[in-house]
Amino acid sequence: MKKLCGVLLGLCIAFSSVAEQASKESVNKLMQLTGAGDLGTQMMNQMLPAMQKMIPDAPAAFWDTFKQEMDAKELMAAIVPVYQKQLSEEDIQAILSFYSTPAGKKLISAQPAIMQESMIIGQQWGQQVFMRAKKKFDAKAAN
């Protein structure tokens, strides 16, 4: 009997420590607040030129209609489970609280510029790494 009570107590403690899954509503609020909700539109705008090159015979009217049919909310809905997998409701609420502070608001407004500059630096770094690899390979191939 004591063992059974011990096991039940252990199970109760284990289940009580499991974090509550973040709600779709709180994740959507976080995504909207941070600009992640615009991800679908941004991705579509980046993909469109490549798609237009792949289908060069499509007239501009086709692409205008195609863009109107695209719903960025589909992508948001698909991403919500990723947030739910990685963050609890408590985490989301704490993050939302932070983003309500002056520092959080500053981070949100600065994030696009930080990402843009970081991407440029990342591309430059990648080119440098490639050049080092190529130079090293060419030196070995010459020997």
Side-chain angles (χ1 to χ4, degrees), residues 1-140:
M1 185 68 173
K2 286 183 182 181
K3 286 184 180 180
L4 179 61
C5 287
V7 169
L8 289 175
L9 180 62
L11 287 172
C12 288
I13 291 171
F15 284 119
S16 68
S17 67
V18 173
E20 177 187 357
Q21 183 181 38
S23 70
K24 289 179 183 179
E25 295 77 19
S26 62
V27 172
N28 281 325
K29 184 176 180 180
L30 177 62
M31 290 174 71
Q32 288 298 327
L33 187 63
T34 60
D38 299 329
L39 184 63
T41 303
Q42 292 168 3
M43 288 180 70
M44 188 64 200
N45 289 337
Q46 289 177 349
M47 292 181 346
L48 195 60
M51 292 186 332
Q52 288 171 325
K53 286 180 183 177
M54 287 188 245
I55 312 173
D57 297 334
F62 168 82
W63 293 112
D64 291 340
T65 303
F66 182 75
K67 284 193 292 189
Q68 290 174 358
E69 292 172 355
M70 295 307 300
D71 186 4
K73 291 178 185 174
E74 286 179 40
L75 180 59
M76 280 184 60
I79 292 174
V80 166
V82 176
Y83 279 77
Q84 290 175 313
K85 181 180 174 185
Q86 301 298 326
L87 301 167
S88 69
E89 181 66 23
E90 183 178 345
D91 295 332
I92 297 285
Q93 293 306 319
I95 293 166
L96 288 170
S97 292
F98 166 71
Y99 282 137
S100 298
T101 68
K105 290 175 183 176
K106 170 112 180 175
L107 179 60
I108 289 171
S109 67
Q111 198 70 28
I114 291 169
M115 290 303 295
Q116 185 176 19
E117 289 181 44
S118 297
M119 286 177 59
I120 292 168
I121 291 167
Q123 289 172 345
Q124 292 169 346
W125 177 77
Q127 290 171 350
Q128 292 169 357
V129 169
F130 170 76
M131 293 307 291
R132 276 188 276 170
K134 184 168 178 9
K135 186 176 178 180
K136 187 174 184 176
F137 177 77
D138 289 346
K140 282 192 176 201

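For the numbers below, each heavy atom of this structure counts, side chains included, while hydrogens, waters and symmetry mates do not.
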With a 3.5 Å cut-off and sequence neighbours excluded, list the donor-acceptor pairs that the side chains of residues 74-90 form with protein atoms.
unit_1: Q84; atom_1: NE2; unit_2: A22; atom_2: O; d: 2.7
unit_1: S88; atom_1: OG; unit_2: E90; atom_2: N; d: 3.3
unit_1: S88; atom_1: OG; unit_2: D91; atom_2: N; d: 3.0
unit_1: S88; atom_1: OG; unit_2: D91; atom_2: OD2; d: 3.2
unit_1: E89; atom_1: OE1; unit_2: S23; atom_2: N; d: 2.7
unit_1: E89; atom_1: OE1; unit_2: S23; atom_2: OG; d: 3.4
unit_1: E89; atom_1: OE1; unit_2: S26; atom_2: OG; d: 2.8
unit_1: E89; atom_1: OE2; unit_2: S26; atom_2: OG; d: 3.4
unit_1: E89; atom_1: OE2; unit_2: Q93; atom_2: NE2; d: 2.7

With a 3.5 Å cut-off and sequence neighbours excluded, list the donor-acceptor pairs that the side chains of residues 51-68 form with protein atoms.
unit_1: T65; atom_1: OG1; unit_2: A61; atom_2: O; d: 3.0

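For M47, the CE atom is densely surrounded, since the number of other residues' heavy atoms within 6.0 Å is greater than 12.
Scanning both residues, I92 and L30, for their nearest heavy atoms gives CD1-CD2, 3.6 Å.
Although no hydrogens or angles enter the test, the distance criterion places no donor-acceptor pair under 3.5 Å between the side chain of T101 and the main chain of S97.
To the nearest 0.5 Å, atom CE of residue M44 and atom CG of residue D71 are 11.5 Å apart. Note that CG of D138 is 10.5 Å distant from NZ of K135, once rounded to the nearest 0.5 Å. Between E25 atom CD and K29 atom NZ the span is 11.5 Å, to the nearest 0.5 Å. Atoms CG and CD1, on L33 and I95 in that order, are 10.5 Å from each other to the nearest 0.5 Å. Distance check, rounded to the nearest 0.5 Å: CD1 of I108 to OG of S100 gives 8.0 Å.
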### Task
Could you check V129 against R132 for side chain to side chain contact (heavy atoms under 4.5 Å, CB included), going step by step and ending with a plain yes or no?
CA-CA 5 Å; V129 169; R132 276 188 276 170; 3.5 Å; yes

